[in-house]
Structure formats: structure tokens, C-alpha cells
Amino acid sequence: MGRILGEKEIIAIGGGKGGVGKSFLASNLGILLAKSKKSTVLIDADLGGANLHTCLGVNPPDITLSDFVNNSHIRIEDVVLRTSLENLSLISGAHDILGIANPKYSQKLRLFKAIESLDVEYVILDLGAGTNNNTLDFFLLADKGVLVVLPEPTSIENAYRFIKSSLYRKLKLLTNEPHVRMVIEKAMDRKNNLGIRSPVELVEHISRLDSRVGNQLEEAMSSFRPRIVLNQVRSLSDIRMGYSMQNACEKFFGLRVDFLGYLESDDQVWQSIRKRQPITLNGEHGKSARNLRTINYNLMNNLQMKPE
Amino acid sequence: MKALKSQNYYEILGVSRSASQEEIRKAYEIAKLTFQENSLATYSLFSDEENHEILALISRAYETLYNRTLRSEYNAFLDGPGRDPQALGKFRPPEGAAPKARPQPVRKEAEPVRASADEKPLRPAPAPPRTGGSEKAVEEYCRKVEQYDGKSLRKVRQMRGLSLEDVADRTKIRKTYIQYIEEENFEFLPASVYIKGFVTMISGVLQLPKQQVAEDYMRVFRSKTS
Ligand SMILES: Nc1ncnc2c1ncn2[C@@H]1O[C@H](COP(=O)(O)OP(=O)(O)O)[C@@H](O)[C@H]1O
Ligand SMILES: [Mg+2]
């Protein structure tokens with residue numbers, strides 16, 4: 001393979017809410033990439049609710065991410081499992097929750113380094129629900145972060161919260177200046193006494209305090225580009241929600257956000273899960289398969305949907 | 001991505017400089033849905049009032065870019081020498097410069113805003129520039145003008161039977177700015193780069209030779225401010 005070692009793309013699939021289809025999208029993207037001959041590893045980064053192996057029809061594995069995290073003699077390669085698909089491997093999530101749900105900082109660093117050193121073309125991180133720091137850090141580790149959203153209020157709110165939390169964390173980790181960090185922390189609370197309501201206002205505020213840090217933050221914002229996938233859409237107006245969210249995020253967060261595409265509910269999926277077979281979307285030519293290919297295409301080529 | 005208030009009309013609509021009419025119309029349709037009242041996409045981010053303000057800004061961007069003439073004028077404005085293309089949210093007043101624009105009521109009906117203010121005005125139609133007698137008078141007046149300045153802009157406007165509001169309506173420049181331009185009251189106007197654009201747009205409405213007027217006026221501006 002004419003690939004430079006280490007040249008790979010890390011993709012994180014998050015979205016704040018549980019049950020929206022993060023693992024579903026992660027595994028289907030993994031399958032699609034593997035089928036197009038790209039070596040891909042799926043990592044179940046849901047440190048607490050790991051179930052990616054189920055989506056892939058793999059038995060609960062003996063060796064998981066928690067073994068790597070808890071034992072410095074175990075290499076990352078040792079926890080990589082093969083799947084029934086060529087080119088697709090899996091690092092299963094922790095099943096003993098206590099062991100890993102709160103890794104130490106040094107453990108986390110080692111894990112991130114190991115992920116970056118994996119000899120594959122694509123790494124797909126399947127994130128857990130919520131916005132705890134571990135989840136956010138996985139999201140920020142990725143080259144591209146995707147949010148799975150359902151066209152309904154709670155899921156949309158969760159996605160916005162996720163974008164905001166991860167952005168603020170990214171900004172906070174960028175600087176050691178205690179007063180800047182304090183401002184960012186305060187700004188997280190919407191009713192802060194500084195009158196900062198959005199990230200754009202936050203950066204403006206900090207630029208006034210310290211223009212050098214302000215520039216740094218601005219640059220970080222322009223390189224932060226979350227992607228959105230709508231799952232379980234039922235109508236044209238559901239699909240429009242993708243463009244609207246994109247629009248609203250751009251105006252509120254001052255971020256570029258790409259609407260990658262949408263998925264409908266695919267009944268056949270349920271059947272394959274019940275039979276513990278790997279999920280495959282309704283044949284190669286079905287609507288879902290086509291939608292997934294669109295999502296993948298936009299993701300890989302840094303594109304977005306265009307309104308019809 | 002820049003703060004909304006420093007985005008240009010293309011950025012506000014989220015389209016590229018080369019966007020087709022159709023793309024502009026679609027972007028506007030989506031923006032209307034996004035920022036309408038009780039919108040699922042925005043209720044947790046923006047207040048109703050903010051939604052109204054954003055929508056008003058978006059409508060203004062749409063009205064300018066969907067109209068071929070206004071769009072090419074706007075492009076010229078963006079491309080002008082030494083102009084900061086970022087700053088061009090600028091037909092909008094700088095924050096805090098004047099009382100905040102009252103949020104405009106949202107048009108609920110799906111009708112797209114028409115291409116030109118003449119076809120479907122937002123407010124009662126300003127009298128169209130008269131031709132015939134007044135046209136002749138304007139021509140005659142202009143022949144005598146050696147250098148266009150604030151006074152001559154006001155004179156022509158009055159000869160055309162247009163109020164400050166009429167011109168503000170068509171150019172989407174704030175009424176007070178137009179007034180300051182006529183009064184050559186530069187203290188309260190935004191940076192000079194915008195003045196030239198404003199004058200260009202005003203002379204368009206007054207059917208005057210835009211480039212010449214703008215050049216003349218900027219000469220006046222420089223002699224008075226330097
Ligand atoms: N587009 C879809 N069509 C059919 N089933 C889906 C779809 N998206 C998600 N599901 C199913 O919904 C359930 C929850 O999805 P999952 O991916 O586990 O959510 P998450 O990882 O976000 O918690 C799973 O059983 C999954 O197979
Ligand atoms: Mg999951």
C-alpha cells in the first residue's frame with residue numbers, strides 16, 4: 001500500500017444523547033470503509049456503555065480497552081480484534097465500568113498516543129453519551145468530529161451542548177493563562193456576569209484582555225468544524241432541520257458546521273442485530289446504503305449537503 | 001468564521017460569491033425556516049428578538065444579492081481598492097452607534113421577497129424616479145455641477161421627489177447615514193471605505209453617474225478630513 005506510515009484519519013462519532021445511533025453510524029461507516037479496501041479500526045470509546053461488538057455481531061470479547069489502560073505491558077495491538085470483514089478490526093470497549101470510566105490523566109495520554117500510532121488508514125471512535133471530559137477529549141483528538149442528531153428538541157439541544165462544551169474545552173486547553181481560563185469557565189454558564197452569551201462573544205471578550213491569546217482562540221475556532229448527521233428522518237422537513245442546525249450553529253457559535261447527510265430508519269438492521277449478524281444496510285443499492293455513501297463521501301471530501 | 005455583525009452578505013446567507021440566483025433563493029428559504037418563531041433549530045440558542053434581528057439582516061442580504069443590479073454594485077463595493085471585505089456587514093450600523101433597530105415583524109407567508117424594491121416594496125412604494133420634466137431639470141442641474149458633494153446629492157434627491165426614507169429603503173443604508181452624507185457630517189459616519197460604497201449606492205438610486213459622483217465626493221471627504 002503506497003501509504004505513508006502513520007498517515008491516517010481519526011473520526012469521532014458523538015452527539016451527546018444516548019440511543020441516537022452513534023454506534024450504528026460508527027459501525028456502518030467502518031463497514032463501508034473496509035469494503036472499499038481501507039484498513040479501518042473501530043474503537044468503542046464509550047467508557048461505560050460499550051456495545052459496539054454487538055453492532056458488529058462479535059461475541060463479548062475477552063480483551064478490551066480497559067486491559068490496555070490498566071496494564072502498561074499490554075500494547076494497543078494486543079487488544080485489536082479481527083472481525084468477519086477483511087480490513088475491519090475492532091477495539092472493544094471496557095465492560096468493567098469501574099476499571100476505566102475514569103482513567104487517570106497519564107493513562108489517557110498513553111491511550112491517545114497509542115491510538116495515533118495505530119497502523120491503519122482510518123480510526124473511528126464511537127463515543128459515549130453525555131459531555132464528560134473523557135468524551136470531549138476523544139472528540140477533540142479526532143481529525144473530524146461527527147455528531148449524530150435526531151430531528152427532535154432534546155437531541156438537538158444535546159448536540160448544541162456538545163458543540164459548545166467541546167469547543168470551550170478546546171479553547172481552555174489552549175492556554176495556561178489563569179485569568180483567560182477563568183473567563184472561559186465562567187462563559188460556560190450562560191447566565192454569567194460577564195455578559196458573554198456565545199463563543200464569538202467569548203473570543204471578543206478575551207481579545208480585549210489579551211489580543212495574542214485572542215488570536216490564538218480565533219484560530220482554534222476556525223479549525224474546529226463539527227459535522228452533523230441526522231438519523232431517523234421521516235420527512236422532508238426533518239431533513240431541512242440539518243440545514244437549519246448548520247445555519248443556527250454558524251450564526252450562534254461562529255463556527256463552520258457541515259451537514260453531512262441523513263439516514264432513515266432501516267428495519268432490516270433490527271433483524272440482523274437480532275440474528276447477531278454484522279449490520280449491513282438494506283443491500284448495496286437500497287436507500288439507506290445510498291444515504292450512508294453520501295455521508296461518507298461528504299465526510300471524506302470535506303463537503304456538505306446542498307439544499308435541493 | 002466571523003461574528004455576524006462583521007460578515008458580508010454572502011457570509012450571512014451562507015453562499016459563495018459565485019452562487020447562482022437559485023442557490024441564493026434556497027439559502028434564503030432555509031434561513032427563513034431556521035430563524036422563524038418557535039423554530040426547533042434555534043429556540044435554545046436565540047431569543048425571539050435575536051431571531052427577528054438575524055432574519056431582518058438575512059432578508060436584507062437576500063434582497064441585495066437576489067437583485068442582479070444591486071448585487072453587482074455590492075460586489076464592486078466589496079472589491080473596492082483597500083476595502084476590508086470582512087467589514088461589509090456594513091450597510092448595517094455599527095453596534096451601539098444608534099438606537100437598536102427595532103426587530104421587524106417576520107413575514108410568515110412563504111412569499112419570497114421580490115427581486116427589486118420596485119416590484120414588491122416592503123413599505124408603501126416610494127415614488128419612482130420621475131422622468132420627463134424633472135428628468136430634464138436634473139440633467140440641466142447636473143451639467144452645472146462641477147464637483148458632486150453633499151449638497152448636490154440632496155438637491156438631486158429633492159428634484160427626484162424622494163425622501164430620505166425612500167433612499168434608505170432602496171439602498172438599505174440607514175437614513176441618518178444618508179443624512180450625514182448630504183450634510184458632509186463625517187464625524188458620525190463609519191470609516192471612509194464605507195462612505196464611498198454608500199455614495200455609490202445613493203447615486204444609483206438618484207440615477208447619477210455613480211463612479212464620478214463617488215470620486216468627487218471622496219475628494220470632498222479628503223479635503224475636509226485631512
Ligand atoms: N437508522 C437506523 N435504522 C434502524 N435502526 C437504527 C438506526 N439508527 C439507530 N438504530 C438502532 O437504534 C438503537 C440505538 O442506536 P445506537 O447506535 O446503539 O445508539 P447510541 O450509540 O447513540 O447510543 C440500536 O439498536 C440501533 O441499531
Ligand atoms: Mg453507542
ask   = How many angstroms lie between CD in B:Glu50 and CZ in A:Phe252, if you round to the nearest 0.5 Å?
value = 8.0 Å
query = Which heavy-atom pair separates B:Gln7 from A:Lys251 by the least distance, and what is that distance?
reply = OE1-NZ, 4.2 Å
Region of B:Glu22 that comes under 4.5 Å of a non-hydrogen atom in chain A = neither
request  = May I ask you to check whether over 12 heavy atoms, not counting those of B:Glu183, lie within 6.0 Å of atom CD?
outcome  = yes
request  = Write down the atom of A:Tyr160, the atom of B:Ser44, and the distance for their closest heavy-atom approach.
outcome  = CD1-OG, 3.5 Å
ask   = Going by residue number, which parts of residues 180-197 of chain A are within reach of chain B, meaning a heavy-atom gap below 4.5 Å?
value = A:Arg190, A:Arg197
ask   = If you round to the nearest 0.5 Å, how far is NZ of A:Lys306 from NZ of B:Lys26?
value = 9.0 Å
task = List the steps and the verdict of side chain to side chain contact (heavy atoms under 4.5 Å, CB included) for A:Asn247 and B:Phe35.
result = CA-CA 9 Å; A:Asn247 227 319; B:Phe35 297 99; 4.0 Å; yes
inquiry  = Is A:Pro151 close to chain B through its backbone or its side chain, or both, or neither, when contacts mean heavy atoms under 4.5 Å?
reply    = backbone
request  = Using a cut-off of under 4.5 Å on heavy-atom pairs, state which of A:Pro307, A:Pro153, A:Ser198, A:Ser237 scores highest against chain B.
outcome  = A:Pro153
inquiry  = To the nearest 0.5 Å, what is the distance between CG on B:Leu45 and CD1 on A:Ile163?
reply    = 9.0 Å
message = Tell me if the CD atom of A:Glu152 is crowded by more than 12 foreign heavy atoms within 6.0 Å.
response = yes
note = Given B:Ala27, B:Ala41, B:Gly14, the one with more heavy-atom pairs under 4.5 angstrom with chain A than any other is B:Ala41
task = Hey, could you give me the CD/CD1 distance between A:Gln246 and B:Ile30, rounded to the nearest 0.5 Å?
result = 8.5 Å
key: For B:Leu40, the option from A:Met245, A:Arg240, A:Met241 that meets side-chain contact (heavy atoms from CB on, under 4.5 Å)   = A:Met241
